[in-house]
Protein chains: 2
Amino acid sequence: MTAVQRPANRGRGRPRSTEHDDAILDAAVSLMREVGYARMSMEAVAAAAGVSKPTLYLRYAGKAELVVAAHERVRVGDAPAPTGDLRADLVAQLRHLHDVFARLGMSVIGVCLTEEESLPDLIAALRARSLEPGRQMMRDAIARAVHQGALSDGADAETAIEMAIGAYYARYLAGRPFDQGWPERVADATLRALGAPPA
Amino acid sequence: MTAVQRPANRGRGRPRSTEHDDAILDAAVSLMREVGYARMSMEAVAAAAGVSKPTLYLRYAGKAELVVAAHERVRVGDAPAPTGDLRADLVAQLRHLHDVFARLGMSVIGVCLTEEESLPDLIAALRARSLEPGRQMMRDAIARAVHQGALSDGADAETAIEMAIGAYYARYLAGRPFDQGWPERVADATLRALGAPPA
DNA sequence: CATTTACTATACGTTGCGTAAAGCTGCCGG
DNA sequence: CCGGCAGCTTTACGCAACGTATAGTAAATG
């Protein structure tokens with residue numbers, strides 16, 4: 001646990017290979033999906049990426065950090081853009097949530113929870129770089145709806161957002177499948193929770 | 001990973017010490033809260049419980065299983081009884097959820113997520129013995145309210161339950177504090193999501 | 001009393017994380 | 001064009017922690 005995240009690459013010696021950057025993250029994502037966090041070894045990631053082990057540790061301070069980085073990359077991949085329609089934006093955000101975890105699994109969350117006491121920076125990074133952007137998008141969409149008069153001003157937006165996003169976690173934990181209409185059902189329930197007039 | 005959960009204690013040889021049972025689970029709970037899952041070692045649990053390491057493995061097949069058992073015990077401790085008032089029951093269940101994780105931390109959930117691919121029985125046990133009972137209590141409370149006519153029949157109960165419980169997970173992950181009015185805010189939002197007439 | 005099971009103490013095998021040492025390799029700055 | 005810095009490889013290692021094996025003692029039942 002000594003290596004640095006990214007030492008302000010001033011062009012001194014040999015530059016870091018971006019192809020290796022990609023290969024490492026791709027390998028991490030694949031292995032994560034295939035065998036999960038517990039059975040994924042750093043040796044295996046290095047091998048799959050065609051890279052030596054010290055190269056991994058040059059970039060990431062440890063297994064946990066690597067996994068969080070992999071998650072961030074997947075997450076940022078195709079974040080939905082706001083459309084102006086609150087319901088549509090909620091649905092899009094919920095679908096996105098599902099897509100992300102369908103590609104990586106929820107192990108990432110698990111790591112942050114099990115290491116919370118030992119590596120507090122980890123969950124902080126996850127929050128700042130992956131979780132918070134999603135919430136912010138929902139906050140904006142709600143504020144826009146209020147501004148348009150489609151929603152009354154007193155709506156408890158934070159609670160509604162927590163419930164919408166949380167619905168994903170709870171359903172995943174419960175082991176229930178994510179069927180076709182799930183995002184719509186949650187979006188509609190969220191709108192009701194916000195006090196929106198029934199469609 | 002060979003030991004058995006509980007080999008049908010027919011009173012043949014020396015009976016298993018229930019004091020040891022308790023000491024082990026108590027030690028696990030304490031250490032869990034103090035250092036988290038990642039830094040909690042089986043040796044430390046054994047030492048804190050005043051027990052030798054093989055005694056641990058006589059009861060639990062591994063660290064993960066031990067932690068899930070500890071969680072179950074805390075959870076069952078003081079599960080709230082239904083009162084007949086839906087809002088009160090929702091609030092009670094949410095408070096209970098918070099109490100449980102305040103005592104143990106969310107590492108338990110983390111373990112189940114990181115080991116999901118390697119130990120599927122683990123998350124299954126968590127679901128059956130800890131998660132499902134809480135959901136069932138909420139389901140019953142909602143069904144009762146429908147029966148009393150306080151709620152219309154078409155309410156999407158499962159989605160509402162997912163959102164109510166999930167709100168806890170999402171807020172925890174976001175790192176926000178659980179202030180005084182949180183359970184009430186979520187309960188009220190849940191009632192609105194269920195289409196309950198405003199109080 | 002014999003048997004069966006629990007428990008202790010100790011030591012061990014194994015896995016996998018993270019690091020260290022030594023030596024090339026490629027790129028930038030002067 | 002060349003000195004030097006940083007990236008990369010190979011190999012090997014230290015080490016923590018999980019889980020197990022062995023041998024002997026303790027406590028219950030029939």
Side-chain angles (χ1 to χ4, degrees), chain A residues 1-24 27-28 31-32 35-69 107 111 114-115 117-119 122, chain B residues 1-24 27-28 31-32 35-68 107 111 114-115 118-119 122:
Chain A
M1 295 293 192
T2 303
V4 193
Q5 184 74 357
R6 188 61 64 118
N9 202 354
R10 59 192 202 289
R12 270 312 255 176
R14 175 177 177 175
R16 204 168 278 181
S17 158
T18 59
E19 285 153 18
H20 285 175
D21 288 343
D22 293 347
I24 290 169
L31 284 170
M32 200 73 171
V35 302
Y37 179 83
R39 297 181 77 92
M40 164 185 128
S41 78
M42 292 299 264
E43 320 248 351
V45 173
V51 151
S52 75
K53 204 159 45 131
T55 299
L56 284 189
Y57 286 95
L58 191 57
R59 284 153 222 262
Y60 305 102
K63 188 177 171 182
E65 283 84 347
L66 166 60
V67 164
V68 168
S107 298
V111 183
T114 54
E115 309 266 359
E117 282 85 1
S118 27
L119 302 174
L122 202 66
Chain B
M1 294 294 195
T2 304
V4 193
Q5 185 73 355
R6 190 58 69 115
N9 200 354
R10 59 192 202 288
R12 267 316 253 175
R14 174 178 178 175
R16 204 168 278 182
S17 160
T18 60
E19 285 153 18
H20 285 176
D21 287 344
D22 292 347
I24 289 169
L31 284 171
M32 199 73 171
V35 302
Y37 180 81
R39 298 182 77 91
M40 165 186 127
S41 78
M42 293 299 264
E43 320 247 351
V45 174
V51 150
S52 75
K53 206 157 47 127
T55 299
L56 284 189
Y57 286 95
L58 190 58
R59 291 170 166 71
Y60 305 102
K63 187 177 172 181
E65 283 84 347
L66 166 59
V67 164
V68 168
S107 298
V111 183
T114 53
E115 309 267 357
S118 27
L119 302 173
L122 202 66

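Within every chain, numbering begins at 1; the chains are lettered A, B, ... in the order of the sequence lines, protein sequences first and strands thereafter. It should be emphasised that the depicted structure is a prediction, and the values quoted were computed from it without experimental measurement.
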Spacing between [X] atom [atom1] and [N] atom [atom2], to the nearest angstrom:
| X | N | atom1 | atom2 | value |
| --- | --- | --- | --- | --- |
| A:Tyr60 | C:dT19 | OH | P | 16 Å |
| B:Glu65 | D:dC18 | CD | C1' | 12 Å |
| B:Leu56 | C:dA6 | CG | P | 15 Å |
| B:Glu43 | D:dT20 | CD | C1' | 12 Å |
| A:Met40 | C:dT15 | CE | P | 19 Å |
| B:Leu66 | D:dA17 | CG | C1' | 15 Å |
| B:Arg59 | D:dG19 | CZ | C1' | 17 Å |
| A:Tyr57 | D:dT9 | OH | C1' | 16 Å |

Out of [options], whichever nucleotide has its closest atom nearest the side chain of [X]:
| X | options | result |
| --- | --- | --- |
| A:Met42 | D:dC8, C:dA9, C:dG18 | C:dG18 |
| A:Pro15 | D:dC18, C:dC27, D:dA28 | C:dC27 |
| A:Arg12 | C:dG29, C:dT8, D:dT20 | C:dG29 |
| A:Val51 | C:dC7, D:dT9, C:dC17 | D:dT9 |
| B:Lys53 | C:dA11, C:dT19, C:dC7 | C:dA11 |

For the base of [N], is there a side-chain donor-acceptor partner from [X] under 3.5 Å away?
| X | N | answer |
| --- | --- | --- |
| A:Lys63 | C:dG18 | no |
| B:Arg14 | C:dT4 | no |
| B:Arg16 | C:dA6 | no |

Cationic tip of B:Lys63 above B:Tyr37 ring, under 6.0 Å, 45° of axis: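 So B:Lys63 does make the cation-pi contact.
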Working note: B:Arg39 + A:Glu117, criterion salt bridge (charged side-chain N to carboxylate O under 4.0 Å, His left out); need CA distance, chi angles, decisive distance, verdict. CA-CA 8 Å; B:Arg39 298 182 77 91; A:Glu117 282 85 1; over 6 Å; no
Using the closest heavy atom to pick a nucleotide of DNA chain C for each, name whichever of B:His20 or A:Pro54 lands nearer the 5' end.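 Closer to the 5' end of DNA chain C: B:His20.
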Taking the side chain as C-beta and beyond, is there a heavy-atom pair between B:Leu58 and B:Arg16 under 4.5 Å?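 B:Leu58 vs B:Arg16: side chains touch.
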Please examine the side chains of B:Val111 and B:Val68, heavy atoms only from C-beta on, and report whether any two atoms are closer than 4.5 Å.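 SC-SC contact between B:Val68 and B:Val111 ruled out.
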Tell me which one of B:Leu66, B:Val51, B:Asp21 satisfies side chain to side chain contact (heavy atoms under 4.5 Å, CB included) with B:Arg59.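 Only match with B:Arg59 under side chain to side chain contact (heavy atoms under 4.5 Å, CB included): B:Asp21.
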Just call it for A:Ser41: base, sugar-phosphate, or nothing, with non-hydrogen atoms closer than 4.0 Å on any strand. sugar-phosphate
Would one find a side-chain N or O of B:Thr55 under 4.0 angstrom from OP1 or OP2 of C:dT8? yes
